[in-house]
Each structure stands twice: as C-alpha cells, then as structure tokens.
Amino acid sequence: MADVKKIATRESYGNALAECGADFPNLVVLDADLAGATKTSVFQKAYPERHIDCGIAECNMTGIAAGLATCGKIPFISSFAMFAAGRNFEQVRNSIGYPHLNVKIGATHAGITVGEDGATHQCNEDVALMRAIPGMTVIVPADDVEAKAAVRAAIEFEGPVYLRFGRAAVPVINNTSNYKFEIGKGVALREGTDVTIIASGITVASALEAADMLAADGISAEVINIHTIKPLDEELVVGSAKKTGKVVTAEEHSVIGGLGSAVCDCLSQKCPTPVFKIGMQDVFGESGPANALVAKYGLDGKSIYESTKEFVKGTGI
C-alpha cells in the first residue's frame, strides 16, 4: 500500500478538534504538557481561550474536565494512552464514569506503533480498562477519515467516550463517497463466505491486505471494521459468523479484554463460533521501528493472512 495516502490518527484528532471548534462553542480541550505530540496544539492555535494546558498532572486534568462537564462544557482530555487510561484509571472511573459525565478522552500514542518509546509507553491494555467501566463508549478508528468522523460523533454524543489514536502514519482506507460513521455500528468492507476477519484500528488495513492474499488461495474472507468496541455491533458480528462459520479478530491490543474478547463474549452467548484472536499475546512490547514491531507481533497483512489461512484449514486452533 505504498502509493496510498498515509496519516497518523493523532494528526486527524488534532485537525478534527480544530475543525469542530466553530460548530461547538462549548468544546474545551485539556492537555497534560503534550499538546505538540497529541496534536491538540492545532486546536490551541485556533482557540487559545478554550485550550487548557494542565501540566504533567493527568489525574488533576481529569478532575478539571469533570467539573467543566457539570457546567455544560464538552471537555476533551488528551494524553498518551498509557497515561490517559493507565495512570488516570481511578479518576476516569470515579470522576467521569461513575457520575456518567459528558467528558471525552482523546488517547494518542496507543499500542506497539509507539515504536522506539518501548514497552512502558506502548499501552496495549487501554481498551480493556476503558471497556470495563460501566457506561463508557470505546472507539478505535482505523484511519484519518474515520478518526475525524469519530471525534465529531463523540462531541455530538452525550456521555463519556474513550477514543484511541496512534502515533504512526496509517493508510487512508475509508475515503469513499458512501462511507458513514455511526457510534456502535460496524462497517462491512468486504463480503466473504469462508471466514470473517473482524478488525479495529491499524489492523483494518492489514485485514484487507490479508483478504486479497486469501482470495488468491481460493479462500473467501469477509472483512468487518469494528471501530466501536463498546457498544459492539452484535447484529453485524453474529450475522457474519452465521454466514462464514469461522471468525478471526485482529487488533493492536492485548488479546485479553479488547476487540477479540468483546467478540467472543458476544458469540459465546448468541452464536457459538470458533474464534482465533490475533493481537498481543499476553506479552509486553519492545523498542523498535513501528513497522518492524507490527510484523514481529503478527499484525501486518502477511501475518494475518498466514494465521487466517492456518485457522481456516484447521491447523490454527
């Protein structure tokens, strides 16, 4: 996909906030001394009076945002996923989740594509943490188009939302005239009959590549983009599982508690189906170039193709 336009979804996040500033005068953006990295600096330049740099004090930032929400503002708190979800967990749970306040969490630098920053900064547990908070909506956009649409949808949505963005540039795959983003509704990108590949975030593009390779082997793969992990589009997941009989999930996250777990929770209750989960297999990441790490941990198109092919042939369980 070398000739496809690529952009990091953290860039999309900053641009979307700035674009939405005029339409939503109650929008306020808070950052924890990382505006340049999270790209909220784009909003800051356009609306300096509505951008608050809280310093290296993520938990305090969360409390401030909760207070702003009670006053009718629509606050976004922004930091790296390791801090926005990890360091902040208690504050997000008790100050935002428990009172169900209208705060949005823009978490950038998620997953192993943080690259050289290494395991301490490669948050592969954030979706699991946020998914466990009652009433929290969890969104993992796949590209620039989807990230921008997700930010606007989150602003228009009443209630807490966790949005996950990445550091590395990823292919733009949703730049079609019929693309539509709706919270809680997955997108069927390709029809198939032999296996369903359900992906989120960066692995959506990888899943499409894998589907092309599988087709060359005579395997028809259905590809579904689940951008909203919670609430999950159970109707779409179950319908596809009934059609293909086998499901593969792919995510830049631990296989524990993320997309794969959400899909398994759904199917075990509503349509028992064999599922193979691709993701971080209960391990920490490591320092290295983002693309090399994606390949090493089996999240690139070739690796998803190989894993799915083994699974379909009955050797991958």
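Residues that satisfy the ring pair (Phe, Tyr, Trp, His ring centres under 6.0 Å) test with F181, not counting sequence neighbours, are H227. Partners of F43 under the ring pair (Phe, Tyr, Trp, His ring centres under 6.0 Å) rule, at least two apart in sequence or in another chain, are Y47. Take K296 and apply the side chain to side chain donor-acceptor pair (under 3.5 Å) test, not counting sequence neighbours, and it matches E286.
Two residues are said to be in side-chain contact when any heavy atoms from C-beta on lie closer than 4.5 Å; N102 and I74 meet this criterion. Side-chain contact between L293 and L299: absent, with no pair of heavy atoms (C-beta onward) separated by less than 4.5 Å. In this structure, H253 and D126 have side chains that are in contact, with non-hydrogen atoms separated by less than 4.5 Å. A 4.5 Å side-chain heavy-atom check between K148 and R152 finds every atom pair outside the cut-off. The closest side-chain heavy-atom distance from I155 to K104 is not below 4.5 Å. Looking only at side-chain heavy atoms (C-beta outward), M136 and V92 come within less than 4.5 Å of each other. Taking 4.5 Å as the limit, every side-chain heavy atom of V204 sits out of range of all side-chain heavy atoms of E146. A 4.5 Å side-chain heavy-atom check between P160 and V103 finds every atom pair outside the cut-off.
Summarising the geometry of L267 relative to A241, their closest heavy-atom pair is CD2-CB, 3.8 Å, with the distance given to 0.1 Å. Residues V223 and A211 come closest through the heavy atom pair CG2-CB, 3.7 Å. Taking both residues in full, the closest heavy atoms of M61 and S79 are given as CE-CB, 4.5 Å, listed atom of the first, atom of the second, then distance. The minimum heavy-atom distance between G135 and H100, with the atom names listed, is O-CE1, 3.4 Å. Considering all non-hydrogen atoms of both residues, N174 and A142 come closest at ND2-CB, 4.3 Å. Taking both residues in full, the closest heavy atoms of L68 and L30 are given as CD1-CD1, 4.0 Å, listed atom of the first, atom of the second, then distance.
Criterion: ILVMFWY side-chain heavy atoms under 4.5 Å apart, direct or through other members. Under it, V161 and L129 are not part of a common hydrophobic cluster. The hydrophobic clustering, which links ILVMFWY residues whose side-chain heavy atoms are closer than 4.5 Å, places V312 and I278 together. In terms of hydrophobic clustering, with Ile, Leu, Val, Met, Phe, Trp and Tyr side chains grouped at heavy-atom distances under 4.5 Å, Y305 and F311 are assigned to a common cluster. Side-chain heavy atoms closer than 4.5 Å link hydrophobic residues (I, L, V, M, F, W, Y) into clusters, and following such links, even through other members, never connects F157 to M130. With hydrophobic clusters built from ILVMFWY side chains whose heavy atoms lie under 4.5 angstrom apart, V263 shares a cluster with V238.
By the 6.0 Å contact criterion, CD on Q269 is open, its count of non-hydrogen atoms from other residues, nucleotides or ligands being 12 or less. Y98 OH: 12 or fewer foreign heavy atoms inside a 6.0 Å radius. Around the NZ atom of K270, the shell of radius 6.0 Å holds no more than 12 heavy atoms that belong to other residues, nucleotides or ligands.
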Passes side-chain contact (heavy atoms from CB on, under 4.5 Å), D282 versus V255? Steps please. CA-CA 7 Å; D282 198 24; V255 293; 5.8 Å; no
Please lay out, stage by stage, how T308 and F276 fare under the test side-chain contact (heavy atoms from CB on, under 4.5 Å). CA-CA 8 Å; T308 303; F276 184 78; over 6 Å; no
Please walk me through it: do K230 and D265 pass salt bridge (Lys or Arg N to Asp or Glu O under 4.0 Å)? CA-CA 12 Å; K230 182 185 178 186; D265 287 349; over 6 Å; no
Determine, step by step, whether E156 and F24 satisfy the side-chain contact (heavy atoms from CB on, under 4.5 Å) criterion, reporting the C-alpha distance in whole Å, the side-chain angles of both residues, the deciding distance to 0.1 Å, and the verdict. CA-CA 9 Å; E156 294 172 344; F24 301 95; 3.7 Å; yes
Checking V172 against V145 for the side-chain contact (heavy atoms from CB on, under 4.5 Å) test, could you report, in this order, the C-alpha distance in whole Å, the side-chain angles of both residues, the deciding distance, and whether it holds? CA-CA 7 Å; V172 176; V145 173; 3.9 Å; yes
D212 and R190: CA distance, side-chain angles, deciding distance, salt bridge (Lys or Arg N to Asp or Glu O under 4.0 Å) verdict: CA-CA 10 Å; D212 286 339; R190 183 167 303 184; 2.5 Å; yes
Checking E222 against S240 for the side chain to side chain donor-acceptor pair (under 3.5 Å) test, could you report, in this order, the C-alpha distance in whole Å, the side-chain angles of both residues, the deciding distance, and whether it holds? CA-CA 8 Å; E222 184 146 297; S240 185; 2.7 Å; yes
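With rounding to the nearest 0.5 angstrom, the OG1 atom of T196 is 13.0 Å from the NZ atom of K242. For the atom pair OG of S95 and CD1 of I64, the computed distance is 11.5 Å after rounding to the nearest 0.5 Å. To the nearest 0.5 Å, the span separating CD1 on I226 from CG on D233 amounts to 5.5 Å. How far CG of L17 is from OG of S41: 10.5 Å, rounded to the nearest 0.5 Å. If you take CD1 on I197 and CG on L189, they are separated by 11.0 Å, rounding to the nearest 0.5 Å. In this structure, CG on D194 lies 10.0 Å from NZ on K313, to the nearest 0.5 angstrom.
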Contacts under 3.5 angstrom, residues 106-120 side chains, donor-acceptor by atom type, not counting sequence neighbours:
from : atom 1 : to   : atom 2 : distance (Å)
T113 : OG1    : E252 : OE2    : 2.6
D117 : OD1    : R167 : NH1    : 3.4
D117 : OD2    : R167 : NH1    : 3.4

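Remark: side-chain polar atoms of E251 are paired, donor with acceptor, to backbone N or O of G260 under 3.5 angstrom. The backbone N or O of G201 lies less than 3.5 Å from no partner atom in the side chain of R164, so there is not a single donor-acceptor pair. Listed for the R131 side chain is no donor-acceptor partner under 3.5 Å among the backbone atoms of V138. Judged purely by atom type and a 3.5 angstrom limit, S307 has no side-chain atom pairing as donor or acceptor with the backbone of I304.
For the side-chain hydrogen bond (donor to acceptor under 3.5 Å, both in side chains) condition, the pairs that include at least one residue of residues 7-21, sequence neighbours left out, are S12-D144, Y13-S78.
As a member of the Ile/Leu/Val/Met/Phe/Trp/Tyr network built from side-chain separations under 4.5 Å, F83 groups with L34, F80, M82.
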